[in-house]
Every structure is written in C-alpha cells, then in structure tokens.
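See structure below.
Nothing here was measured: the structure is a model prediction, and the numbers come from that model. Hydrogens, waters and symmetry mates are skipped; everything else that's a heavy atom, side chains included, is used.
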Amino acid sequence: MGYTLWNDKIVNDNEILINKEDRGYQFGDGVYEVIKVYNGEMFTVDEHIDRLYLSAEKIKITIPMTKDKLHKLLYELVEIDQLNTGHIYFQVTRGAAPRAHNFPGDTVLPVITAYTKENERPIENFEKGVKATFVEDIRWLRCDIKSLNLLGAVLAKQEAVEKGCYEAILHRGDIVTEGSSTNVFGIKNGVLYTHPANNLILKGITRSVVLECANEIGLPVKEEAFTKSATLQMDEVFVTSTTSEVTPVISIDGTEINNGNVGEWTRKLQAQFETKIKMLQVK
Ligand code: DCS
C-alpha cells in the first residue's frame with residue numbers, strides 16, 4: 001500500500017526496479033511467505049520467518065539478512081503502510097544473473113521483496129462453509145518447500161474456481177495430500193485427521209496452530225493420511241491457511257459433508273483460534 005521492502009530498505013513502490021533476469025521471474029527460483037496482520041499486529045511472525053529461512057536453506061539460498069533484522073523491517077513496513085487487517089507477502093529469489101539454470105556465483109545476492117495488502121477476513125466463509133473439488137496432485141515431490149514455483153497449485157485452483165468451488169483438495173492416487181493453498185483436515189468419530197508433515201505437503205503455520213487448538217479443546221489428533229472416499233465420509237472437513245484461517249468445507253464435488261452444515265468441532269476450533277488472535281491485542 002504505497003511502500004515495499006526491497007532488499008534491506010523500505011522504498012516507495014515506484015522506486016523498485018525488477019531485473020528482467022531475476023531468477024524468481026525466469027525460473028520461479030525462490031521462496032515466499034504470507035503473514036496475516038490483525039489490527040496492526042503480525043500473527044505467528046516468528047514461525048513464518050523461521051519457515052522462510054528453512055525453505056531458503058532447502059534450496060541452498062542464503063538470505064543476506066538476520067531474522068531479527070527482517071522481523072524489524074516487516075514491522076516497520078506494517079507501520080509505514082498503516083496496515084490494520086490484511087497480510088504481508090514477502091519473497092526471496094536467488095537474485096539476478098545472466099540466464100543459466102545452474103546457480104550464479106556467490107557475488108549474486110538474493111533479492112528480497114515484501115509488501116502489504118489490506119483485506120477483510122472472509123467471515124462469511126467461516127460461518128457458512130465453502131465447496132471444494134478433488135483435483136489430482138501433479139506437483140513436484142518437495143511440497144514442504146514454500147517455493148515460488150506454483151504452477152501445480154495455480155492449475156488446481158483455476159480448475160476449482162471454474163467448477164464454482166473455493167478450493168481444490170489435492171490427491172496423489174487415492175490419498176488426499178492438502179489443498180492448492182491450504183492444509184486439509186477431517187474429523188471422524190471425534191478424532192481430527194490431517195496428512196503428516198512430510199515432503200508431500202507444506203507444514204502450514206495455521207495447521208500447527210490448529211493442532212495446538214485441538215489439544216486445548218480436548219480433540220484427539222492423528223497425523224495420518226486418508227483417502228478420497230474417507231474424506232467424503234468424514235463427519236466434518238475443513239481447510240486452513242494464513243488467509244483462510246479455519247474454513248469449513250460443506251461439500252466436495254456435490255457430496256455434502258455433515259448435511260451441508262458447519263460441524264460442532266469445527267466451530268469450537270474456530271472459537272479457539274479466535275482466542276489466539278485476541279491474545280495478540282493484549283500483548
Ligand atoms: N499448503 C499450501 C500448498 C499452501 O500454499 C499454504 C499457504 C498452506 C498449505 C497453508 O500454510 P499456512 O497455514 O502457513 O498459510 N498458502 C499461502 C498462500 O499462497 N497464500 O496464503 C497462504
């Protein structure tokens with residue numbers, strides 16, 4: 001909203017110059033994060049920063065800035081943009097160099113870009129739930145890395161939107177992995193199921209918060225993969241992400257979950273999640 005964190009400085013949007021040979025632009029060679037901001041406060045910021053550095057490390061990018069410095073700059077960005085409720089998008093690419101697939105030399109510095117966007121929480125989705133559709137998971141085998149390469153996710157989400165759905169629930173063969181930009185959960189007979197955090201899914205920060213919420217409200221958790229048909233027979237299904245929080249899924253490819261209603265456990269998890277957002281304000 002007017003300003004961008006560009007490398008180690010906050011500049012006016014019109015001062016940024018993106019190099020045509022930036023490897024993010026040409027190869028999707030970089031990593032990113034999205035952080036939610038509630039009433040001017042960043043939610044789970046340390047977890048997001050830690051995951052960014054971890055994703056970068058996994059693709060051998062050394063971010064030329066300490067975590068503390070990045071935290072401070074993101075905080076300043078939220079202040080200068082006067083962001084109330086919305087999110088910060090930030091990415092780090094391997095830098096700009098003459099186009100060649102292999103890494104450039106050490107003198108090429110990674111490029112950091114971050115900016116904010118004001119947007120309302122999708123409250124109606126939380127209350128009424130959304131529709132989803134199954135889409136084959138054709139992504140690569142390192143979904144644990146929050147990489148800028150999002151073609152598999154882009155194609156899946158587009159297919160969902162064209163079918164009038166909010167999210168694509170991805171599956172490899174019969175096994176449900178995650179959503180195109182969310183983690184997927186199911187509740188059956190009072191147990192919460194979600195895919196284990198391995199190379200086939202992104203270990204969502206919201207996923208971790210929701211698992212913590214489940215513990216707090218006495219809902220047992222099993223980090224176990226489940227099938228497409230098991231998903232359709234779940235008592236409750238929901239997806240989570242930084243921007244989607246806890247979004248109930250009330251139908252998948254036309255099959256209603258819980259008769260098309262938001263389930264009781266989902267409501268309890270949403271309420272518990274809300275208490276964590278409120279805690280930000282009383283810090
Ligand atoms: N799985 C995938 C494939 C994602 O892209 C995301 C987040 C998640 C799970 C959920 O992770 P968080 O709980 O940490 O957000 N996608 C981000 C995105 O691209 N926009 O918003 C969030």
Side-chain angles (χ1 to χ4, degrees), residues 34 122 124-147 149-189 191-211 213-214 219 221-263 265-267 269-270 273:
V34 180
E124 199 176 318
N125 290 347
F126 303 160
E127 284 169 3
K128 294 190 180 150
V130 297
K131 295 180 191 168
T133 181
F134 285 126
V135 176
E136 183 72 41
D137 191 345
I138 59 161
R139 301 171 305 161
W140 72 332
L141 295 172
R142 291 305 306 276
C143 297
D144 54 310
I145 300 170
K146 202 160 169 58
S147 144
N149 277 282
L150 288 172
L151 259 187
V154 166
L155 293 176
K157 185 78 91 186
Q158 180 61 21
E159 189 175 327
V161 169
E162 284 174 10
K163 290 181 189 161
C165 293
Y166 175 80
E167 181 58 305
I169 297 183
L170 305 179
H171 55 93
R172 287 193 192 265
D174 204 27
I175 299 294
V176 167
T177 50
E178 61 178 337
S180 68
S181 63
T182 58
N183 289 113
V184 178
F185 293 74
I187 299 170
K188 186 74 184 171
N189 300 327
V191 178
L192 180 63
Y193 293 88
T194 196
H195 195 287
N198 60 16
N199 63 308
L200 299 181
I201 70 158
L202 182 75
K203 188 178 180 191
I205 308 292
T206 321
R207 175 185 180 280
S208 301
V209 174
V210 164
L211 292 180
C213 290
L219 172 62
V221 172
K222 282 193 181 163
E223 291 184 59
E224 278 175 18
F226 45 85
T227 62
K228 281 168 72 183
S229 54
T231 311
L232 295 175
Q233 284 155 27
M234 290 285 180
D235 300 327
E236 302 178 32
V237 174
F238 62 86
V239 293
T240 67
S241 81
T242 295
T243 47
S244 300
E245 302 182 17
V246 178
T247 296
V249 172
I250 53 162
S251 88
I252 305 172
D253 291 324
T255 300
E256 285 188 342
I257 310 292
N258 194 34
N259 298 317
N261 298 309
V262 177
W265 279 117
T266 306
R267 293 237 188 261
L269 285 169
Q270 287 176 324
F273 193 86

Handout entry: Lys157 and Ser181: side chain donor to acceptor below 3.5 Å
Key = yes
Problem - From CD (Glu236) to CZ (Arg267), nearest 0.5 Å - result: 9.5 Å
Problem - Shortest non-hydrogen contact between Val239 and Thr182, atoms and distance - result: CB-OG1, 3.5 Å
Problem - Donor-acceptor pair, side chain of Thr247 and main chain of Ser244, under 3.5 angstrom - result: yes
Problem - Glu223 and Thr194 side chains, donor-acceptor separation under 3.5 Å - result: no
Problem - Phe185/Leu211 under side-chain contact (heavy atoms from CB on, under 4.5 Å): CA gap, chis, key distance, verdict - result: CA-CA 10 Å; Phe185 293 74; Leu211 292 180; 3.8 Å; yes
Problem - Separation of Leu202 CG from Ile145 CD1 (nearest 0.5 Å) - result: 10.0 Å
Problem - Side-chain donor-acceptor pair present, Glu167, Ser180, cut-off under 3.5 Å - result: yes
Fill in the blank from the handout: For Leu232 and Thr255, the nearest pair of non-hydrogen atoms, with its separation, is CD2-CB, 4.0 Å
Practice task
Test side chain to side chain donor-acceptor pair (under 3.5 Å) on Asp253 and Thr133 and set out the steps.
Solution key: CA-CA 5 Å; Asp253 291 324; Thr133 181; 2.4 Å; yes
Exercise for the section: Give a yes or no answer on whether the side chain of Lys228 reaches the backbone of His171 with a donor-acceptor pair at less than 3.5 Å. Expected result: no
Practice task
Taking all non-hydrogen atoms of both residues into account, name the closest pair between Val221 and Ala214 and its distance.
Solution key: CG2-CB, 3.7 Å
Practice task
Mind checking the CG-CZ spacing from Leu150 to Arg139? Nearest 0.5 Å is all I need.
Solution key: 9.5 Å
Handout entry: CD on Glu245 to CZ on Phe126, rounded to 0.5 Å
Key = 3.5 Å
Exercise for the section: With rounding to the nearest 0.5 Å, note down the distance linking CD1 in Ile250 to CD in Glu256. Expected result: 7.5 Å
Practice task
Tell me yes or no: between the side chains of Ser251 and Lys131, is some donor less than 3.5 Å from an acceptor?
Solution key: no
Completion exercise
Heavy-atom closest pair (Ile257 atom, Thr231 atom, distance to 0.1 Å) is CD1-O, 3.8 Å
Handout entry: Side chain to side chain, Ile169 and Val135, heavy atoms closer than 4.5 Å
Key = no
Exercise for the section: Test Phe134 against Ile252 for side-chain contact (heavy atoms from CB on, under 4.5 Å), laying out the working first. Expected result: CA-CA 7 Å; Phe134 285 126; Ile252 305 172; 3.6 Å; yes
Practice task
State whether the number of non-hydrogen atoms from other residues, nucleotides or ligands found under 6.0 Å of Glu224 atom CD is greater than 12.
Solution key: yes
Handout entry: Exercise: identify the closest heavy-atom pair between Asn125 and Pro248
Key = O-CD, 3.5 Å
Practice task
Kindly check if the number of other-residue, nucleotide or ligand heavy atoms within 6.0 Å of NZ (Lys203) is above 12?
Solution key: no
Practice task
Would you check if the side chain of Asn198 reaches a backbone N or O of Leu200 as a donor-acceptor pair within less than 3.5 Å?
Solution key: yes
Problem - Any donor-acceptor pair under 3.5 Å from Thr266 side chain to Val262 backbone - result: no
Exercise for the section: Measure the spacing between CD1 of Ile138 and CG of Leu170 and express it to the nearest 0.5 Å. Expected result: 9.5 Å
Exercise for the section: Please test Phe273 against Thr206 for side-chain contact (heavy atoms from CB on, under 4.5 Å), starting from the C-alpha separation and ending with a verdict. Expected result: CA-CA 9 Å; Phe273 193 86; Thr206 321; 3.7 Å; yes
Handout entry: Distance-only polar pair, side chains of Asp137 and Thr177, donor-acceptor under 3.5 Å
Key = yes
Problem - Main-chain N/O of Thr240 paired with Asn183 side-chain donor or acceptor, under 3.5 Å - result: no
Exercise for the section: Determine the minimum heavy-atom distance between Ala225 and Pro196, stating which atoms define it. Expected result: N-CD, 3.6 Å
Handout entry: Plane angle bin for Tyr193 and Phe226 - parallel if under 30°, tilted between 30 and 60°, otherwise perpendicular
Key = perpendicular
